[in-house]
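Remarks on the structure that follows.
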Amino acid sequence: MLTHTFAEGATDSVVLDDASAEFHDFFERHYAELARFAHLMTGEADGADDLAADALIALWQRWDRLRRAEHPLAYARGVVANLARSRIRSAVRERRRIALFWSRDAAEPLDGPDVAAVVDVRTALARLPFRKRACVVLRHAFDLSEKDTALALGISVGTVKSQTSKGMAELERTLGGTGAAGELLAGRRNR
């Protein structure tokens, strides 16, 4: 009986080792991409690594099911997108609380954020609503197809098309029609 139990334990250990090896391979292949996606979504270089790590921890906890999935990378991108959305909402709530606190003592009310004279693509991206930003980043910075973008975000292909188009149009308006939004494409291809 002990031998049988030991044999089961050994089999479980081999399965765990296989799962660990597969996850390690997945991590090595996709961590940098997920961190870059998080950076483009949140605009925070430091927080992007943490967000990608948090997403990978969540993936590891479900790896037994996820490793057999058809598109584990799409699922990973979706986790990053959801964590980024959560972080952005949290930051917005915090800024509102701070603004409310300081507006009570301020002689004049806050009219809005101080907008820098020079607007770059990252700043313009940060101004886009979350879904438009996610579609633009995945389509143009990561060269994903409309189908893969839809899969990662859990939305329809038609929504990806409209949100990407509207997002790019907003970027062009924000950047003064200089074609700077195209830097997303150029920056990706020059790397």
Requested in this report: For the residue pair Thr159 and Ser156, confirm or rule out a side-chain donor-acceptor distance under 3.5 Å.
Outcome: yes

**Report entry** Other residues, nucleotides, ligands: >12 heavy atoms within 6.0 Å of Arg131 CZ
**Finding:** no

Requested in this report: List the steps, then state whether side chain to side chain contact (heavy atoms under 4.5 Å, CB included) holds for His140 with Thr164.
Outcome: CA-CA 9 Å; His140 294 288; Thr164 303; 3.7 Å; yes

Requested in this report: Output the distance between atom NZ (Lys166) and atom CG (Leu128), rounded to the nearest 0.5 Å.
Outcome: 12.5 Å

Query - Greater than 12 external heavy atoms within 6.0 Å of Asp25's CG - result: yes

Query raised in the report: Do side-chain atoms of Ser165 reach the backbone of Lys161 as a donor and acceptor pair under 3.5 angstrom?
Result: no

Query raised in the report: Say you draw a straight line from CG of Leu125 to NE2 of His39; how long is it, rounded to the nearest 0.5 Å?
Result: 10.5 Å

Query raised in the report: With a 6.0 Å cut-off on ring centres, are Phe27 and Trp60 close enough?
Result: no

Requested in this report: With side chain to side chain contact (heavy atoms under 4.5 Å, CB included) as the test, would you mind laying out the steps for Met41 and Val80 before giving the verdict?
Outcome: CA-CA 9 Å; Met41 292 305 297; Val80 170; 5.6 Å; no

Report summary line: The reported gap from OG1 in Thr149 to CG in Leu144 (rounded to nearest 0.5 angstrom) is 4.5 Å

Query raised in the report: Is Glu33 salt-bridged to Arg77, cutoff N-O under 4.0 Å?
Result: yes

Query raised in the report: Where is the tightest heavy-atom contact between Ile88 and Phe130, given as atom of each residue plus distance?
Result: CD1-CD1, 4.1 Å

Query raised in the report: Within the side chain of Thr42, is there an N or O that forms a donor-acceptor pair under 3.5 Å with the backbone of Ala38?
Result: yes

Requested in this report: Using the side chain to side chain contact (heavy atoms under 4.5 Å, CB included) rule, take Asp148 and Phe142 through it: C-alpha gap first, then chi angles, then the decisive distance, then the call.
Outcome: CA-CA 11 Å; Asp148 289 340; Phe142 286 90; over 6 Å; no

Requested in this report: For the pair Trp63 and Phe26, evaluate side chain to side chain contact (heavy atoms under 4.5 Å, CB included) and give the outcome as yes or no after the intermediate values.
Outcome: CA-CA 10 Å; Trp63 191 248; Phe26 182 86; 3.7 Å; yes

Query raised in the report: Quick check: does any side chain N or O of Arg87 sit under 3.5 Å from a backbone N or O of Asn82, one acting as donor and the other as acceptor?
Result: no

